[in-house]
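All remarks here apply to the structure that follows.
Protein chains get the first letters and strands the later ones, always in sequence-line order, with residue 1 at the start of each.
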Amino acid sequence: MHELGIANDILDIALAEAKKHGNRRITRVDLEVGVLRGIVPENLVFLFGHVAKGTIAEGAHLAIEEQPARVECGTCGTTEARVFTIGCPGCGSPTARVERGDAMRILSMEIDD
Amino acid sequence: MKVDIGREIQQSAEETAGKIRGLLAARNVFSVNLISSPGSGKTTLIEKAIEALRGRIRIAVVEGDMETDIDAARIRRHGVQVHQINTRSSCHIPPFLLLSALDHLDLDAADLLFVENVGNLVCPAEVPLGEDLRVVALSVAEGDEKPLKYPLVFKTSDLLVITKTDLLPYVKFDTDRVKTAARAVNPRVEVFEVSSYTGSGLSSFLERIEELCRRKIG
Ligand SMILES: Nc1nc2c(ncn2[C@@H]2O[C@H](COP(=O)(O)OP(=O)(O)OP(=O)(O)O)[C@@H](O)[C@H]2O)c(=O)[nH]1
Ligand SMILES: [Mg+2]
Ligand SMILES: [Zn+2]
């Protein structure tokens, strides 16, 4: 349910952009999604394929780039986490701060020339 | 041909949330978005708040459930304004539904708006409702690993209320583990431990809500 709403939002934005370019066929959409978003990329890809059927984005490749979270630790400095971790992945310190990792944006798309 | 977009996916939700924020600011109402799993005690907490703050703060409530107006009926018994949203297939309150729900309330007769979100620890965390304060409730019966499994809601909440502490003798629940995990994603989160059944911890939680409300509405 959750990914379905997002798939619809992606399609709406992509179609609105394509309109500015003469409604040419969309072949690829590039997304950035943070690891803290709890999104399963395969589900999103599947659902996007489903909602795009019958539109100029039908068959478009949805490319998802994962945005890692940034962990800032007083001892180890800054490290990147690809999954949610409690505390610092380096020393285990529970006081490490977790930043970023919550992006959800469309970066760009490819349309027919 | 490549087309640069660089657009947040939930921009339209952000825009509607901005309208809600503007409307509530114009009417001088402080709003609280209350999020938890189903059954963690959200409605009970709101009922306690209504009774404790009666005569000092005028409360209005928007209830969000997929179906039924059971929660709204509970709130109505306390004699405050309430409007029920049924989200049907949606697992959270979308901002446009909250915006139209506000038409049904007399905001000039309210100081504090509680928005009880659909019972769900995942999706409501993604959705801005123009709130002044986001509160996540977690009952001790749900397990102390929840901030690890559902980090976003803990990251985006201002207050964490650990509920049903009267059940602590019967369940394995390490309160410190929850606090540590929540603070790892959100160092500024304020944590309260309450039981709506015994009343333990309720007054400090509600005093904090009242203080934050007064800070906005004067
Ligand atoms: N033991 C105990 N039970 C509680 C407490 N607060 C609420 N409950 C019980 O927990 C159950 C659910 O409470 P609700 O207030 O309806 O929970 P909710 O979060 O509003 O539920 P949904 O709206 O369905 O998501 C009810 O049976 C309450 O009586 C508490 O402090 N201790
Ligand atoms: Mg309820
Ligand atoms: Zn470290």
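Contact annotation for residues 20-29 of chain A against chain B (heavy-atom separation below 4.5 Å, listed by residue number): A:H21, A:R24.
Across all non-hydrogen atoms, the minimal contact from A:D113 to B:M1 is OD1-N, 2.8 Å. The two residues B:K155 and A:D102 make their nearest non-hydrogen contact at CE-OD2, 3.4 Å.
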Hey, can you pull the donor-acceptor pairs under 3.5 Å for the side chains in residues 128-147 of chain B, sequence neighbours left out?
{"residue": "B:E131", "atom": "OE1", "partner": "B:L129", "partner atom": "N", "Å": "2.9"}
{"residue": "B:E131", "atom": "OE2", "partner": "B:N33", "partner atom": "ND2", "Å": "3.1"}
{"residue": "B:E131", "atom": "OE2", "partner": "B:R134", "partner atom": "NE", "Å": "2.7"}
{"residue": "B:E131", "atom": "OE2", "partner": "B:R134", "partner atom": "NH2", "Å": "3.1"}
{"residue": "B:D132", "atom": "OD1", "partner": "B:K216", "partner atom": "NZ", "Å": "3.3"}
{"residue": "B:D132", "atom": "OD2", "partner": "B:S31", "partner atom": "N", "Å": "2.9"}
{"residue": "B:D132", "atom": "OD2", "partner": "B:K216", "partner atom": "NZ", "Å": "2.9"}
{"residue": "B:R134", "atom": "NH1", "partner": "B:A125", "partner atom": "O", "Å": "3.0"}
{"residue": "B:R134", "atom": "NH1", "partner": "B:T156", "partner atom": "OG1", "Å": "2.9"}
{"residue": "B:R134", "atom": "NH2", "partner": "B:V127", "partner atom": "O", "Å": "3.1"}
{"residue": "B:S139", "atom": "OG", "partner": "B:E142", "partner atom": "OE2", "Å": "2.8"}
{"residue": "B:E142", "atom": "OE1", "partner": "B:S37", "partner atom": "OG", "Å": "2.6"}
{"residue": "B:E142", "atom": "OE2", "partner": "B:S40", "partner atom": "OG", "Å": "2.7"}
{"residue": "B:E142", "atom": "OE2", "partner": "B:S139", "partner atom": "N", "Å": "2.7"}
{"residue": "B:D144", "atom": "OD1", "partner": "B:R177", "partner atom": "NH1", "Å": "2.7"}
{"residue": "B:D144", "atom": "OD2", "partner": "B:D174", "partner atom": "N", "Å": "2.8"}
{"residue": "B:E145", "atom": "OE2", "partner": "B:K149", "partner atom": "NZ", "Å": "3.3"}
{"residue": "B:K146", "atom": "NZ", "partner": "B:E142", "partner atom": "O", "Å": "2.7"}

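The environment of NE2 in A:H50 is sparse: at most 12 heavy-atom neighbours from other residues, nucleotides or ligands sit within 6.0 Å. When the shell of 6.0 Å around CD1 of B:I70 is examined, it contains 12 or fewer heavy atoms from other residues, nucleotides or ligands.
Rounding to the nearest 0.5 Å places CD1 of A:I10 at 12.0 Å from CZ of B:R7.
If you measure heavy-atom distances from A:L107 to chain B, the contacts under 4.5 Å come from the backbone alone.
Side chain of B:D4 to main chain of A:S108: no donor-acceptor pair is present (N/O by atom type, distance under 3.5 Å, no hydrogens or angles).
For the options A:E17, A:E110, A:E32, heavy-atom pairs under 4.5 Å to chain B are most numerous at A:E110.
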